[in-house]
Amino acid sequence: LKCYCSAITACGKGSKWKQALRLVDAMHRDGPPPNEYCYNAAISACGKSGQWVRSKELLSTMRERGVPPDLISFNSAIDACGKGGRWDEGLKIFVDMVKASEEPWDPSMDHPKPPTPDATTYGAIITACSRGKQWQMALRFLEDMERKGVERTEGVFQATLAGCARVGKWRECIVTLDQMRKSGLQPRAAAYNSVITACGRGGEWQRAIAILQQMSSRGATPDVITLNAAMTACTQSRRWKQAKAILDFMRDPTSVPT
RNA sequence: AUUACUCUAGA
């Protein structure tokens with residue numbers, strides 16, 4: 001059984017979703033019947049190949065075969081939708097998951113307690129929303145985590161920031177970055193990079209540079225991506241001189257720009 | 001043995 005699971009995982013890494021499904025079929029035919037590990041590996045394998053429909057089908061298949069989807073099944077399926085560019089399908093799974101977990105349940109029932117969303121679930125749905133430019137929804141999910149008492153990780157903040165950055169929502173980015181710090185996390189370059197990008201897209205090149213200066217004083221080290229984002233912000237606002245200064249700094253870090 | 005986790009620009 002473990003060998004099958006490993007093989008299915010390997011198919012996923014090579015984007016061989018058809019192979020992964022063949023393995024699951026072989027198990028249905030000749031045994032051993034797949035357990036949740038195998039189904040989950042297959043859901044993830046299809047997701048990595050952009051086959052979100054297959055991932056959803058597997059979710060139904062496992063239910064029909066008496067293997068109730070667990071937390072990882074849902075998380076993988078939502079991620080699959082996100083990778084396939086279908087935040088709306090991911091949202092459906094999320095909603096179904098929450099509904100199922102709110103059904104009355106007691107230990108005498110034959111199925112295990114349906115899982116509630118965890119930080120990974122939120123990470124998957126927020127990433128899906130961000131990729132689909134659904135920044136408002138990403139922000140709502142971030143709030144929802146707070147309400148439900150799910151720990152907000154660096155990853156979920158970064159995913160939310162990335163979503164807002166994509167559409168130039170710099171105010172929202174700044175607020176979110178602030179929340180991140182308030183919740184005890186130290187934003188690193190990846191987080192600031194999104195904020196700078198958002199400023200650039202919003203035509204706020206001066207703010208972009210202000211944040212670039214701010215991040216160092218807050219203990220985040222700018223990387224190539226940071227400088228590229230800041231340079232692009234200047235370029236988009238036609239501040240060629242400032243862009244050039246950043247470029248020069250990248251080539252020679254001793255030439256400190258003003 | 002199975003799941004999210006980023007990020008700039010371009011292609």
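We name chains A, B, ... by the order of the sequence lines, and we start the count at 1 in each one. What's counted below: heavy atoms across the whole structure, side chains too, no hydrogens, waters or symmetry copies.
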Student: Given A:Phe141, which of A:Phe94, A:Phe157, A:Trp135 fulfils the ring pair (Phe, Tyr, Trp, His ring centres under 6.0 Å) condition?
Tutor: A:Phe94
Student: Check every strand shown and say whether A:Ala190 touches a base, only sugar-phosphate, or nothing at a heavy-atom separation below 4.0 Å.
Tutor: base
Student: Which listed nucleotide (B:U6, B:A9, B:U2) is nearest to the side chain of A:Thr9?
Tutor: B:U2
Student: Looking at A:Cys164 and A:Cys173, what are the two nearest heavy atoms and their distance?
Tutor: CB-SG, 3.6 Å
Student: Would you tell me whether A:Asn75 and A:Thr121 have side-chain atoms, one donor and one acceptor, within less than 3.5 Å of each other?
Tutor: yes
Student: Please classify the nucleic acid contact of A:Thr120 as base, sugar-phosphate, or nothing, using heavy-atom distances under 4.0 Å.
Tutor: base
Student: Which part of the nucleic acid does A:Ala159 contact within heavy-atom distance under 4.0 Å: base, sugar-phosphate only, or nothing?
Tutor: nothing
Student: Tell me whether the side-chain N or O atoms of A:Asp118 pair up with the base of B:A4 as donor and acceptor below 3.5 Å, since no angle test is needed here.
Tutor: no
Student: Atom CG of A:Leu212 to atom C1' of B:U8: distance rounded to whole Å?
Tutor: 13 Å
Student: Could you tell me the separation between the CD atom of A:Glu151 and the C1' atom of B:C5, rounded to a whole number of Å?
Tutor: 13 Å
Student: What's A:Asn35 touching, base or sugar-phosphate or nothing? Going by heavy atoms closer than 4.0 Å.
Tutor: base
Student: Separation of A:Met215 atom CE from B:U8 atom P, in whole Å?
Tutor: 13 Å
Student: Give the intermediate values and the outcome of ring-ring contact (aromatic ring centres under 6.0 Å, His included) for residues A:Tyr4 and A:Tyr37.
Tutor: CA-CA 10 Å; A:Tyr4 272 107; A:Tyr37 283 71; over 10 Å; no
Student: Given B:C7, is OP1 or OP2 found less than 4.0 Å from the side-chain N or O atoms of A:Arg131?
Tutor: no
Student: Quick one: A:Leu227 CG to B:C7 P, roughly how many Å, whole number?
Tutor: 18 Å
Student: Select one nucleotide: of B:C5, B:U2, B:A1, the one nearest the side-chain heavy atoms of A:Gln158.
Tutor: B:C5
Student: Between A:Lys83 (NZ) and B:A4 (C1'), how many Å, whole number?
Tutor: 7 Å
Student: Counting only side-chain heavy atoms from C-beta out, which of B:U3, B:A1, B:C7 sits nearest to A:Ser194?
Tutor: B:C7
Student: Between B:A1, B:U2, B:A4, which one does the side chain of A:Lys2 approach most closely?
Tutor: B:A1
Student: Can you see if the side chain of A:Arg166 gets near the phosphate of B:C7 - specifically, an N or O under 4.0 Å from OP1 or OP2?
Tutor: yes
Student: Starting at atom CG of A:Asn40, determine the distance to atom P of B:A1, rounded to an integer number of angstrom.
Tutor: 15 Å
Student: Mind calculating the distance between CG (A:Asn193) and C1' (B:A9) to the nearest angstrom?
Tutor: 12 Å
Student: Side chain of A:Ser6, heavy atoms from C-beta onward: which of B:U6, B:A1, B:U2 has the nearest atom to it?
Tutor: B:A1
Student: Of the nucleotides B:U8, B:U2, B:C5, which has the atom closest to the A:Thr197 side chain?
Tutor: B:U8
Student: Can you tell me if A:Asp223 and A:Thr226 form a side-chain donor-acceptor pair at under 3.5 Å?
Tutor: yes
Student: Under 4.0 Å, heavy atoms only, any strand: does A:Arg201 hit a base, just the sugar-phosphate, or nothing?
Tutor: sugar-phosphate
Student: Of the options B:U3, B:U6, B:A4, whose atoms approach the side-chain atoms of A:Asn75 most closely?
Tutor: B:U3
Student: I need the minimum non-hydrogen distance between A:Lys113 and A:Ser101, along with the two atoms involved.
Tutor: NZ-O, 4.3 Å
Student: For A:Asn228 and B:A9, give me the distance from atom CG to atom P, rounded to whole Å.
Tutor: 8 Å
